[in-house]
Amino acid sequence: MKTIILHHPQAQATSTPVHIGEGMLIELHQFIEKLGNFDGFFILHDAAVKTVAKDIASHLQKAHLISVPSGEASKSLHEVERIASSLLALGATRQSLLLNVGGGMLTDLGGFVASMYMRGIGCVHIPTTLLGMVDASIGGKTGVDLGTVKNLLGAFHHPRAVIADIRLLSTLPDTQFCEGLVEVIKIAAMLDANFLEYIEKNMKKILAKESSVLLSCIEKAVSLKVQIVEEDERDQTKRLFLNFGHTIGHAVEAVSDFTISHGKAVSIGMIAEMQLADLKGVDRMKHLLEEINMPTVIPDTCKPQTLLRAMQSDKKVISRDLRIAVPREFGKGEIITLDEERFLRTYS
Ligand code: GLY
């Protein structure tokens, strides 16, 4: 097992250990004991991983389970209220620990509840998807959607620890696994050309979930993200690089009414954003994404004007200009600004 420490830039004295390994969930209580004394454990879990949540509960004393329906629709204020009411009814206090078990939707939602319940309680993320392990659970961003606007309401609230156990990935459906790979490819394309090459060379082993290669990929992606967050926690400079594919991707997700899932939308978004910026390397990127069966073309059902309106409600837009993060060359990300005319010309 490897532990990568994320030092919190806003509170120098605190940090989040990110434990990455295989099979260490059976020793969960040891990781929790190191975090301090808690008067109760509340396991918030995606309904799809109920068995995992029950297993986790069996390793802890005084553990309560709260289930959340799968799917983006659960990232809502309504769900926040329902969970907070359950926590209250079950007796959660400021000394309780919330364990968030699920993919990115669940850790975003659970992190947000933890940031607000009694003005903030501790939480631990136990991601059950690759996307959760390499991206959503790292860096303290939490939030819910408002209508179709993704993550409009949120807070920065770092988990006390992240436990990424790749054994949980063995039963993850292939499509969801590949959606997580999209985020791994994104971070490599923006920050580390050698890592991108490693992914290309080892794709078969990665798709076969070969432990040593998979662990190397997760460790590398997490350590790159940790460096970014330590340098720019609040999205002012380098953290914006992690939005590669997300400006158009979030709009595709919203306009499709979330029938196109996050990883697929980001895959489409990365190619569209590289094309808009006239960058070299589009074919290489397309090839890599097609190899993992991810879509690379904006579907006809997403009309350019509707996408533009969705992008203009996004947090990343400043004075109507579209700010996109793209790899100028692989491993060298940058932020560029595009006006809406350019977008409409290219996609109408
Ligand atoms: N998922 C993008 C970020 O954490 O900044």
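No experiment lies behind these values; they were computed from the predicted model shown. Side-chain atoms are counted along with the backbone in the values below, which use heavy atoms only and exclude waters and symmetry mates. Ligands are counted one by one from 1 in listed order, and the atoms in each one are counted from 1 as well.
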Ring centers of F31, H19 separated by less than 6.0 Å: yes

For K141, atoms of ligand 1 separated by under 4.0 Å from a heavy atom: 3 (C), 4 (O), 5 (O)

Test item, K225 contacting ligand 1 (heavy atom, 4.0 angstrom): yes

Nitrogen or oxygen atoms of R239 and ligand 1 under 3.5 Å apart: yes

Mutual orientation of the aromatic rings belonging to H250 and H246 [parallel < 30°, tilted 30-60°, perpendicular > 60°]: perpendicular

D135: numbered ligand 1 atoms lying under 4.0 Å from its heavy atoms: 1 (N), 2 (C)

D300 backbone acceptor or donor facing K303 side chain under 3.5 Å: yes

Under 3.5 Å: donor-acceptor pair, side chain of S137, backbone of V162: no

